[in-house]
Colleague: 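I have a structure here, written as structure tokens, and I will follow up with some questions on it.
No experiment lies behind these values; they were computed from the predicted model shown. In the text below, chain A, chain B and the rest are named by the order of the sequence lines, each starting its count at 1.
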Amino acid sequence: MITAGTLWQLFATFLMIGMFSYGGGYVMIPLIQREIVLNHGWLTPEKFMDVIGVAEITPGPVSINSATFVGYSVGGVPGAVAATAGVVLPSLLVISILSYFASRFTGSPEMAGLFYNVRPVVVALIAGATLVVAQTALIDWRSASIAALVFLTLQIKQISPILVLLLAGLMGIVLF
Amino acid sequence: MSLDGEPLERECDRLCLQAIFLSFFKVGAFTFGGGYAMLPVIENELVERRRWMNRKEFVDCLAIAQSGPGAIAVNTAIFTGYRMLGLTGALAATLGVVLPSFLIILGLAVTLNTVGTPPIVEQFFQGIRPAVVALIASAAHKLGRVVLLDRQCHIVAGLSLALTLLGVHPALIIVTAAVGGVLQARYYGWQVRRR
């Protein structure tokens with residue numbers, strides 16, 4: 001049975017991991033490995049790989065899933081709660097603060113200028129990430145044709161992404 | 001009101017916490033993968049269905065989500081929830097987006113020790129991965145149309161794309177652009193075109 005002390009350690013460790021995960025969720029994974037496998041020895045490297053594998057296929061962001069599953073592996077349900085709460089708290093604080101300031105300065109020309117300049121950046125970042133992911137995801141003619149089919153269909157008609165994913169999954173079963 | 005002072009195309013209704021929670025529960029339940037994988041789902045839910053924000057606001061939301069630590073998906077939830085109902089809204093949205101995976105992982109963990117991953121599941125995901133790429137590309141295309149309004153926007157976008165492909169940290173690019181935008185507005189007394 002897990003001790004309160006370990007639960008606190010879990011929470012504090014993931015609090016720190018959450019604070020330093022700048023640049024998107026995937027950054028979190030090496031951080032988790034360093035703390036959980038190397039530092040605290042709560043999981044073996046093999047078990048850690050299994051955890052990440054599960055985190056990738058379950059719905060939800062990979063980083064959060066990893067935290068949840070690691071927490072569960074170390075300390076059952078309380079561990080999962082401690083890890084998830086810890087990893088999410090820094091985001092909650094920082095984003096709330098940023099949102100507060102954004103709302104406060106609504107309408108000011110500086111804010112308008114800021115977002116006007118930043119919007120193209122965001123779109124470009126998405127495009128960049130897509131290009132990078134496409135290199136590993138579109139590895140053969142089957143993946144490429146699914147991607148092309150989905151893209152072209154979406155140009156013509158707005159379909160719920162959930163439906164698209166379901167159909168694509170079924171196509172995957174058929175093609176692969 | 002949107003972040004740069006422009007009126008929204010549609011005003012938000014008076015929302016209860018429940019609606020926020022449910023919408024983000026849906027997002028959390030149908031997002032596969034990390035990074036921008038949740039982008040099309042969130043855009044569909046918040047912009048098209050619920051009409052809580054327009055596309056420009058959504059892009060602003062992403063900008064802030066990128067500027068904080070942690071998963072972009074969670075940060076978008078926090079930002080949206082906060083904007084609508086303060087800290088309580090942020091908490092409801094976060095809980096919503098995190099709960100589905102939480103429950104599924106706990107359910108899976110029980111069975112994981114006994115059973116491996118059947119091949120049909122792997123095939124299912126091999127179909128999903130390219131679809132996710134296409135969904136994100138399509139969403140980026142839609143957002144680009146709303147955002148790339150003039151030559152400066154195109155130049156900024158092109159530059160950012162080059163920088164990110166060269167490995168420059170996204171938050172750094174955003175902050176630089178943000179500072180540039182503020183300085184430009186302040187020292188050139190320049191008005192944002194109303195669109």
Colleague: Checking heavy atoms, do the side chain of B:Phe125, its backbone, both or neither come under 4.5 Å from chain A?
Modeller: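 For B:Phe125, the side chain is the part near chain A, not the backbone.
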Colleague: Quick check against the 3.5 Å criterion: does B:Gln123 have a side-chain atom that pairs as donor or acceptor with the backbone of A:Phe176?
Modeller: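 A pair under 3.5 Å: yes.
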Colleague: Check whether B:Leu165 gets within reach of chain A through its side chain, its backbone, both or neither, counting any heavy atom under 4.5 Å.
Modeller: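 Answer is side chain: those atoms of B:Leu165 sit under 4.5 Å from chain A.
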Colleague: Could you walk me through whether B:Asn75 and B:Gln66 satisfy the side chain to side chain donor-acceptor pair (under 3.5 Å) test, starting with their C-alpha distance in whole Å, then the side-chain angles of each, then the deciding distance to 0.1 Å, before giving a yes or no?
Modeller: CA-CA 8 Å; B:Asn75 292 354; B:Gln66 284 255 52; over 6 Å; no
Colleague: Counting heavy-atom pairs closer than 4.5 Å to chain B, which one of A:Val123, A:Ile126, A:Leu170 comes out on top?
Modeller: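 Counting heavy-atom pairs under 4.5 Å, the top option is A:Ile126.
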Colleague: Apply salt bridge (charged side-chain N to carboxylate O under 4.0 Å, His left out) to the pair B:Glu48 and B:Arg55, showing each step before the final yes or no.
Modeller: CA-CA 9 Å; B:Glu48 316 264 353; B:Arg55 291 219 175 114; 2.8 Å; yes
Colleague: Quick one: pull up CG in A:Leu114 and CZ in B:Arg186 and give me the separation to the nearest 0.5 Å.
Modeller: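 These two atoms lie 11.5 Å from each other.
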Colleague: Supply the atom-to-atom distance B:Leu87 CG to B:Thr94 OG1, rounded to the nearest 0.5 angstrom.
Modeller: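 With rounding to 0.5 Å, CG (B:Leu87) is 9.0 Å from OG1 (B:Thr94).
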Colleague: So which of B:Ile174, B:Thr164, B:Leu135 has the largest heavy-atom pair count under 4.5 angstrom toward chain A?
Modeller: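 So the answer, after comparing B:Ile174, B:Thr164, B:Leu135, is B:Leu135.
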Colleague: Quick one: what part of B:Tyr82 sits under 4.5 Å from any heavy atom of chain A, side chain, backbone, both or neither?
Modeller: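 B:Tyr82 touches chain A through side-chain heavy atoms alone.
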Colleague: Give a yes or no on whether A:Val37 and A:Phe14 share a hydrophobic cluster (residues Ile, Leu, Val, Met, Phe, Trp, Tyr; joining criterion: side-chain heavy atoms under 4.5 Å apart).
Modeller: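 Both belong to a single hydrophobic cluster.
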Colleague: What is the minimum heavy-atom distance between B:Trp52 and B:Ala19, and which atoms define it?
Modeller: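 Of all heavy-atom pairs spanning B:Trp52 and B:Ala19, the closest is CH2-O, 3.6 Å.
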Colleague: Using a 4.5 angstrom heavy-atom cutoff, name the option from B:Ala37, B:Gly144, B:Ala140, B:Ser67 with the most pairs to chain A.
Modeller: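 Result: the option with the highest number of such pairs is B:Ser67.
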Colleague: Mind ranking A:Ser96, A:Pro61, A:Ala137 by heavy-atom pairs under 4.5 Å with chain B and telling me who comes out on top?
Modeller: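 Greatest number of close heavy-atom pairs with chain B: A:Ser96.
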Colleague: Hey, which of A:Pro120, A:Ala124, A:Gly172 has the most heavy atom pairs under 4.5 Å with chain B?
Modeller: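 Top count of heavy-atom pairs under 4.5 Å with chain B: A:Pro120.
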Colleague: Determine yes or no for a side-chain-to-main-chain donor-acceptor pair under 3.5 angstrom, with B:Thr76 supplying the side chain and B:Ala73 the backbone.
Modeller: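 Yes, because the side chain of B:Thr76 sits within donor-acceptor range (under 3.5 Å) of the backbone of B:Ala73.
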Colleague: Highest number of heavy-atom pairs under 4.5 Å with chain B: which of A:Val51, A:Val94, A:Asn65?
Modeller: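 Result: the option with the highest number of such pairs is A:Asn65.
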Colleague: So which of A:Ala67, A:Ser91, A:Ala134 has the largest heavy-atom pair count under 4.5 angstrom toward chain B?
Modeller: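 The residue among A:Ala67, A:Ser91, A:Ala134 with the greatest pair count is A:Ser91.
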Colleague: Below 4.5 Å, heavy-atom pairs only: which of B:Gly127, B:Ala77, B:Ala177, B:Pro69 has the largest tally toward chain A?
Modeller: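 Sorted descending by pairs with chain A, the first entry is B:Pro69.
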Colleague: With only heavy atoms counted, which part of B:Phe30 is less than 4.5 Å from chain A, the side chain, the backbone, both or neither?
Modeller: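 Both backbone and side chain.
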Colleague: Taking atom CD1 of B:Ile64 and atom CD1 of B:Ile72, what is their separation to the nearest 0.5 Å?
Modeller: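 With rounding to 0.5 Å, CD1 (B:Ile64) is 13.5 Å from CD1 (B:Ile72).
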Colleague: Tell me, side chain or backbone of A:Leu131 under 4.5 Å from chain B's heavy atoms, or both, or neither?
Modeller: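 Just the side chain, heavy atoms under 4.5 Å.
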Colleague: Is chain A contacted by the side chain of B:Pro100, its backbone, both, or neither, given a heavy-atom distance below 4.5 Å?
Modeller: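 Neither part.
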Colleague: At a heavy-atom distance under 4.5 Å, which candidate from A:Ala129, A:Ala127, A:Ser160 has the highest pair count against chain B?
Modeller: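 Ranked by contacts with chain B, first place is A:Ser160.
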Colleague: Looking at B:Val41, B:Val147, B:Leu91, B:Val146, which has the largest count of heavy-atom pairs under 4.5 Å with chain A?
Modeller: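 Answer, by heavy-atom pair count under 4.5 Å with chain A: B:Val147.
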Colleague: Side chain of B:Asp60, backbone of B:Ala63: donor and acceptor closer than 3.5 Å?
Modeller: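 Pair absent, no side-chain N/O of B:Asp60 close to backbone of B:Ala63.
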Colleague: Give, as side chain, backbone, both or neither, the part of B:Leu159 having an atom under 4.5 angstrom from any heavy atom of chain A.
Modeller: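 Answer is neither: B:Leu159 stays 4.5 Å or more from chain A.
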Colleague: Would you name the heavy atoms of B:Pro130 and A:Leu138 that are closest together and state the gap between them?
Modeller: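 Heavy-atom minimum between the residues: CB-CD2, 3.6 Å.
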Colleague: Please flag which part of A:Met19 lies under 4.5 Å from any non-hydrogen atom of chain B: side chain, backbone, both or neither.
Modeller: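 Backbone only.
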Colleague: Which region of A:Thr84, side chain (C-beta onward) or backbone (N, CA, C, O), has a non-hydrogen atom less than 4.5 Å from a non-hydrogen atom of chain B, or is it both or neither?
Modeller: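 Interface part for A:Thr84: side chain.
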Colleague: Grouping I, L, V, M, F, W and Y whenever their side-chain heavy atoms are under 4.5 Å apart, do A:Val87 and A:Trp42 come out in a common cluster?
Modeller: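 Yes; A:Trp42 is reachable from A:Val87 via cluster members.
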Colleague: Has the side chain of A:Thr68 got a donor or acceptor atom that lies under 3.5 Å from a matching backbone atom of A:Ile64?
Modeller: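 The answer is yes, because a donor-acceptor pair under 3.5 Å joins these two groups.
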Colleague: Does any heavy atom of chain A fall under 4.5 Å from the side chain of B:Ala162, the backbone, both, or neither of them?
Modeller: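 Nothing of B:Ala162, per the 4.5 Å heavy-atom cut-off to chain A.
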Colleague: For B:His154, which atoms come within 4.5 Å of any heavy atom of chain A: side chain, backbone, both, or neither?
Modeller: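 B:His154 has no heavy atom closer than 4.5 Å to chain A.
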Colleague: Go through the atoms of A:Val121 and report whether side chain, backbone, both or neither lie under 4.5 Å from a heavy atom of chain B.
Modeller: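 For A:Val121, heavy atoms of backbone and side chain both lie under 4.5 Å from chain B.
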